[in-house]
Amino acid sequence: ELKVEQNPLFLSMQEGKNYTIYCNYSTTSDRLYWYRQDPGKSLESLFVLLSNGAVKQEGRLMASLDTKARLSTLHITAAVHDLSATYFCAPTGIIFGKGTRLHILP
Amino acid sequence: KAGVTQTPRYLIKTRGQQVTLSCSPISGHRSVSWYQQTPGQGLQFLFEYFSETQRNKGNFPGRFSGRQFSNSRSEMNVSTLELGDSALYLCASYPMTGQGTQYFGPGTRLLVL
């Protein structure tokens with residue numbers, strides 16, 4: 001059974017700082033998805049990583065995938081308040097991590 | 001292209017009742033999956049349908065069931081509601097099973113009293 005572990009589960013950080021969210025998973029998967037959820041809203045796709053070593057960037061967010069280590073990271077550069085949300089990873093696409101609630105302080 | 005729609009958006013039921021939730025996928029998408037989201041358990045997979053066939057099922061009791069119609073619209077049913085079934089139920093659609101980004105609907109918020 002696939003297990004997905006995200007950490008941290010909660011992160012409060014200052015604007016302008018950098019930080020990384022980690023997503024570890026227990027069984028082989030050749031793809032991984034990152035989603036964002038704003039409070040009271042549904043999930044929105046951020047990145048699809050389809051191979052080992054894949055790296056995708058959109059604005060201040062960059063995601064990477066290491067299928068051998070069963071690890072994906074979501075790196076936030078120079079955080080801004082608008083990035084406050086909960087971020088989910090989903091190896092295979094249907095099993096999700098518990099989410100990382102990101103709160104960026106102005 | 002219209003997004004995923006879910007009806008109703010909000011629902012209040014009492015214990016023991018049953019409920020049916022509906023999901024209309026994005027036009028052309030043949031796969032639909034359902035999730036239950038609660039503060040304690042997070043986002044949990046319920047089931048996945050492709051071309052009217054259930055392809056995957058999560059670890060939920062038999063009170064939770066679903067189906068998909070020939071037009072790809074899907075319904076999920078929960079019988080004999082329990083207080084713990086209070087949750088946000090999300091539906092997502094995608095073109096083919098097991099592939100590609102899922103596009104999520106706005107969800108149905110169910111409150112069981």
Side-chain angles (χ1 to χ4, degrees), chain A residues 1-11 21-51 54 56 58 61 63 65 67 72 74 85-103, chain B residues 1-7 9-10 21 23-26 29-50 54-60 66 74 76 87-109 111:
Chain A
E1 182 188 331
L2 174 64
K3 297 211 181 299
V4 184
E5 188 176 309
Q6 276 184 246
N7 65 81
L9 294 181
F10 181 78
L11 177 57
I21 298 170
Y22 297 88
C23 174
N24 289 91
Y25 51 98
S26 60
T27 63
T28 303
S29 176
D30 61 356
R31 64 191 60 214
L32 188 136
Y33 304 82
W34 283 97
Y35 291 87
R36 167 183 173 147
Q37 185 177 36
D38 291 299
K41 301 283 182 67
S42 190
L43 276 76
E44 173 191 348
S45 174
L46 288 174
F47 300 110
V48 181
L49 302 167
L50 295 175
S51 61
K56 292 271 185 81
E58 179 77 32
L61 300 177
L65 178 62
T67 57
S72 180
L74 180 65
T86 299
Y87 293 86
F88 293 92
C89 67
T92 77
I94 60 174
I95 305 300
F96 284 71
K98 289 214 176 282
T100 296
R101 193 167 152 201
L102 180 62
H103 182 54
Chain B
K1 213 181 231 188
V4 178
T5 58
Q6 290 187 245
T7 56
R9 294 290 311 278
Y10 303 93
L21 311 182
C23 171
S24 292
I26 290 172
H29 286 189
R30 296 168 65 188
S31 286
V32 171
S33 56
W34 287 90
Y35 299 86
Q36 180 195 67
Q37 187 175 30
T38 59
Q41 297 299 316
L43 201 60
Q44 293 189 283
F45 170 70
L46 280 156
F47 17 69
E48 177 192 20
Y49 288 89
F50 175 72
Q54 188 178 92
R55 303 300 288 251
N56 283 294
K57 188 176 188 311
N59 191 23
F60 277 81
S74 178
M76 67 162 280
L88 179 66
Y89 290 88
L90 292 164
C91 160
S93 80
Y94 36 110
M96 299 288 287
T97 185
Q99 297 179 32
T101 298
Q102 296 182 80
Y103 296 86
F104 282 82
T108 294
R109 191 164 293 279
L111 177 62

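- Highest contact tally toward chain A, considering only B:Ser33, B:Gly42, B:Gly105, is held by B:Gly105 [criterion: heavy-atom pairs under 4.5 Å].
- Residue contact with chain A, scored on non-hydrogen atoms closer than 4.5 Å, involves the side chain of B:Tyr35 exclusively.
- For the atom pair OG (A:Ser29) and CG (A:Leu65), the distance works out to 7.5 Å, reported to the nearest 0.5 Å.
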Exercise. Would B:Leu21 and B:Gln6 satisfy side chain to side chain contact (heavy atoms under 4.5 Å, CB included), going step by step from the backbone distance to the final call?
Worked result: CA-CA 7 Å; B:Leu21 311 182; B:Gln6 290 187 245; 5.9 Å; no
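- In this structure, OG1 in A:Thr27 is found 4.0 Å from CG in A:Leu2, a value given to the nearest 0.5 Å.
- Ring geometry for A:Phe88 against A:Phe96 counts as perpendicular: the plane angle is over 60°, on a 0 to 90° scale with 30° as the lower cut.
- In this structure, chain A has a heavy atom under 4.5 Å from the side chain of B:Leu90, while its backbone stays farther away.
- For chain B, the option among A:Ile95, A:Leu43, A:Ile94 with the highest count of heavy-atom pairs below 4.5 Å is A:Ile94.
- For A:Gln37, the part sitting under 4.5 Å from any heavy atom of chain B is the side chain, from C-beta outward, and nothing else.
- Put simply, of B:Pro106, B:Gly107, B:Gly58, the one with the most heavy-atom pairs under 4.5 Å next to chain A is B:Pro106.
- In this structure, the separation between CZ on A:Arg101 and OH on A:Tyr87 is 13.0 Å, given to the nearest 0.5 Å.
- With values rounded to the nearest 0.5 angstrom, B:Phe47 atom CZ is found 7.5 Å from B:Trp34 atom CH2.
- Of the atoms belonging to B:Gln37, it is side-chain heavy atoms, and not backbone ones, that fall under 4.5 Å from chain A.
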